[in-house]
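Have a look at the structure below before the remarks.
Computation of the quantities below employed the complete heavy-atom set of this structure, encompassing side-chain atoms and omitting hydrogens, waters and symmetry-equivalent molecules.
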Amino acid sequence: MTPIPDNKRRAAAAQSEACVDIAALADEIRANAASLDERWRMAQWLIEQLRQQLFDADALRRAVATANSQFDAAGVADLKVNPTAIRRAAIAGRRAAAPARLGAAAIQADRLLLSLLSPGGALDPRPALGAPVGGITGRFSLRGRGRG
């Protein structure tokens with residue numbers, strides 16, 4: 001029997017070690033995939049809960065607006081409730097800090113979610129603080145003016 005050269009023995013040991021590392025990585029990735037599945041299921045559940053809360057909040061906002069109209073008609077405007085002030089007070093508070101590294105899709109989703117909370121956002125009937133009212137108009141425009 002001829003002895004195996006030292007280089008071949010080292011190569012075999014390195015390949016064996018690499019196979020062990022790959023197997024360990026595969027186990028870690030399977031665990032990460034299971035965790036990812038759990039996170040997506042939780043995100044889906046939370047989004048559905050958020051949707052239900054938004055639907056309920058919208059129904060309550062419409063009921064308050066109807067009552068406010070009735071208060072105006074009855075001449076008791078001091079009984080009116082400001083739903084925008086209630087909403088802004090309710091959403092004021094700390095926000096979760098975004099991690100330093102986010103994928104493009106996560107950044108877009110984060111911006112969309114924050115737009116729901118921001119003043120002038122999708123759920124706020126009034127413009128954002130400092131937003132131009134009535135659109136931006138230029139100082140000088142020749143459009144719509146006769147020449148002469």
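The two residues Val81 and Pro83 have their closest heavy-atom pair at O-CD, 3.0 Å.
Applying the side chain to side chain contact (heavy atoms under 4.5 Å, CB included) rule to Leu54 yields the partners Leu50, Leu123; only residues at least two apart in sequence or on another chain are considered. Residues passing the side chain to side chain donor-acceptor pair (under 3.5 Å) test with Asp37 are Arg41, sequence neighbours excluded. Evaluation of the side chain to side chain donor-acceptor pair (under 3.5 Å) rule for Glu48 yields Arg51 as partners, not counting sequence neighbours. Residues forming a side chain to side chain donor-acceptor pair (under 3.5 Å) with Arg30 (at least two apart in sequence, or on another chain): Asp27. The side chain to side chain donor-acceptor pair (under 3.5 Å) test applied to Asn32 returns no partner, not counting sequence neighbours. Scanning for side chain to side chain contact (heavy atoms under 4.5 Å, CB included) contacts around Ala77 gives Asp72, Lys80, with sequence neighbours left out.
Between Ile29 and Leu25, some side-chain heavy-atom pair lies under the 4.5 Å cut-off.
Annotation for Arg95: atom CZ counts as buried by contact number, over 12 foreign heavy atoms lying within 6.0 Å. At most 12 non-hydrogen atoms from other residues, nucleotides or ligands lie less than 6.0 angstrom from CD of Gln15.
Note: the hydrophobic cluster containing Val64 also contains Ile86 (ILVMFWY, side chain heavy atoms under 4.5 Å, direct or indirect links).
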Determine, stepwise, if the pair Leu112 / Asp110 fulfils side chain to side chain contact (heavy atoms under 4.5 Å, CB included). CA-CA 5 Å; Leu112 177 66; Asp110 184 49; over 6 Å; no
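Not a single donor-acceptor pair under 3.5 Å links the side chain of Ser16 to the backbone N or O of Ala12.
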